[in-house]
Amino acid sequence: MSYTLQGLGVSGGIAIGQACLLSHATLEVAHLTLSARQIDKEIARFEAAIASVRGEFEAIKKGMGAAPGDFGAFIDLHAMILSDPELSEMPKVLIRERACNAEWALVQQMEHLVAQFEKIEDPYLRERADDVRQAVERVIKALSGKDGRSVLKARAQREANQIIVAHDLSPADVIVFKEHPFAAFITDVGGATSHTAILARGLRIPAVLGLHSARQLIRDKDTLIVDGTRGVVIVSPDAHVLEEYELRKSQIELERNKLKRLKTARSRTLDGISVDLHANIEVPADVAGALEAGAEGIGLFRTEFLFIGGGDMPSEDQQFEAYRKVARGMDGRPVTIRTFDLGNDKDPRPEENQFDRVKTNPALGLRAIRLSLAEPAMFQTQLRAILRASHYGKVKLLVPMLAHAQEIDQTLAAVEQAKSSLRGEKIPFDESMPVGGMIEIPAAALAVGLFLRRLDFLSIGTNDLIQYTLAIDRSDEEVSHLYDPLHPAVLMLLAHTISSAEKAGCPVSVCGELAGDVSMTRLLLGMGLRQFSMHPGQLLEVKQRVLMSNVADTAPLARRLLRCEEPAKIREQIERLNGL
């Protein structure tokens, strides 16, 4: 019997093949009571398991070969998670204090750490809880005498039509995709910003996550169709559906091959208007993918990855090396580095328990630039590192979540303080490094003049702008359907910000998900946007749409659309725009 499962499409494309089910180690472990003379032996067993998993990670990194650079960064992250005292030392304390087995002690600490991550508002950081679980799961496997790396390999068959069906996959597991030609994978858990999703996009493998019960419903060797664009999995499709999807799969592959030819093409509309297409990155290794896609710069370098793993505050030199690597890698192309977009639910000061300060609604609390200004020492460390990196490339500084003029003034004063300290130490930097602000709060969009008079450029973060404008948490399944980029209020804020910046002669970009949504490209062009920043995997498709657009035609339709208030009429105008 054929049936369809709906999940979250995180990596586009279509795959057709047979289900290959993977088991996963349960984290519901038994609680055993040990005798006094067993304690030291149990601690030694725990330490051996940790060492074994670290050895696995090292072996995986050495054997990666030509795998995308993201993989090494994510393996390092899992290794760093296991180095966190919460997981490497506290279980030993529990074993001694409670005379318990290592598995139970480790899972107790994991649940404590995961609970902290799940309080975080930022979806990228919140989903790092999955990385904690994945790292711990490998240790549990090691404690039971299983080689974590062999779990996926044991089921792998050298056929190109195998589709992995799993509860979850870790970055280390996904590396096996390089060694075996799997067609796609689907999982019960995971979101658009999970590492599983990021790696899938990097490998350009169709993937659907968040299916909840796929692992239980799908049987081994079932025929599957995975539509990574629509987030659909069809189980045991009939002949007609299979034929239709095989045709669509061939068309997609043909289009992808055509898109590769656009890599070196200038991004210019039919009526001669140049459009800058930049890439969003999360780790320095992402630079390779950005260049491969033909990015003209880095429009958003999220620096929060330096905090992921829960270790100490990254030092100035550690940050500097990361920023310099990106600046050098882009070889003179612009690199926009965003200051930490962290909340008070992420501990920037290991000597204090910041988790005690978590508010009921961290999205509206001490986060992003508010937290940076409240922690001047932390902020100076980052500003000095970014300024030092500016000597090695065309670096720009981007400040997140601005809402008040005084926040800009305080930030600019902090930048001057960092510059003064570097001058005193005779450390070179770009004296004229541009400073820009993110427009992601409705108040900032409505009072954009305050920002235009103080800043060198603006970047619109549409993800948060939509969330704050509509009071919608899109990670909440109960209300995520109300998250609407085409809501009239959202469109008016976008248009007002873009037109105000244009009149002031201030560069403005969009770096949220709308920038990579090809169905929105012509609308944004019609609004006057000339710089887009997106995931590297979306860049060539957006470039194709730019090359096929005529701003003289799209601008009048965009203005007409902005006068619409009814959702149906707005979508009708969008269809007209995209049908030009």
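Computed over heavy atoms, backbone and side chain alike; hydrogens, waters and symmetry mates excluded. Since the structure is predicted, the reported quantities are computational estimates derived from the model, not experimental observations.
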Open item on the list: Do M534 and L277 have side chains that approach each other closer than 4.5 Å (heavy atoms only, starting at C-beta)?
Closed with: yes
Open item on the list: Applying the side-chain contact (heavy atoms from CB on, under 4.5 Å) criterion to H112, which one of Q108, Q116, M110 satisfies it?
Closed with: Q116
Open item on the list: Looking at R256 and E253, is there a salt bridge between them, counting it only when a charged N and a carboxylate O are closer than 4.0 Å?
Closed with: no
- [ ] Not counting sequence neighbours, which residues clear side chain to side chain contact (heavy atoms under 4.5 Å, CB included) with E89? List them please.
- [x] P85, K92
- [ ] Only counting residues at least two apart or in another chain, list the ones meeting side chain to side chain contact (heavy atoms under 4.5 Å, CB included) with S372.
- [x] I369, M378, F379
Task: Set of side chain to side chain donor-acceptor pair (under 3.5 Å) partners for D222, sequence neighbours left out - done: none
Open item on the list: Keeping T229 on the side-chain end and G13 on the backbone end, is there a donor-acceptor pair under 3.5 Å?
Closed with: yes
Task: With sequence neighbours excluded, residues passing side chain to side chain donor-acceptor pair (under 3.5 Å) with E541 - done: none
- [ ] Under the side chain to side chain donor-acceptor pair (under 3.5 Å) rule, collect the residues that match up with T33, sequence neighbours excluded.
- [x] none
Task: Any residue meeting side chain to side chain donor-acceptor pair (under 3.5 Å) with E440, in chain and number order, not counting sequence neighbours - done: none
Task: Summary of salt bridge (Lys or Arg N to Asp or Glu O under 4.0 Å) pairs that have at least one residue in residues 382-392, sequence neighbours excluded - done: E316-R384, E316-R388, D317-R388, R384-E425
Task: Partner residues of Q109 under the side chain to side chain contact (heavy atoms under 4.5 Å, CB included) criterion, sequence neighbours left out - done: E86, L87, M90, P91, L94
TODO: Could you tell me which residues satisfy side chain to side chain contact (heavy atoms under 4.5 Å, CB included) with I39, sequence neighbours excluded, listed by chain and number?
DONE: L34, I43, I95, R96, A99
- [ ] Please list, chain by chain and in numerical order, all residues satisfying ring pair (Phe, Tyr, Trp, His ring centres under 6.0 Å) with H31, sequence neighbours excluded.
- [x] W104
- [ ] Could you pull out all residues at least two apart from E296 that satisfy salt bridge (charged side-chain N to carboxylate O under 4.0 Å, His left out)?
- [x] none
Open item on the list: Do Q216 and S213 pair up side chain to side chain, a donor and an acceptor below 3.5 Å, judged on atom types alone?
Closed with: no
Task: Test salt bridge (charged side-chain N to carboxylate O under 4.0 Å, His left out) applied to K260 - qualifying residues, sequence neighbours left out - done: none
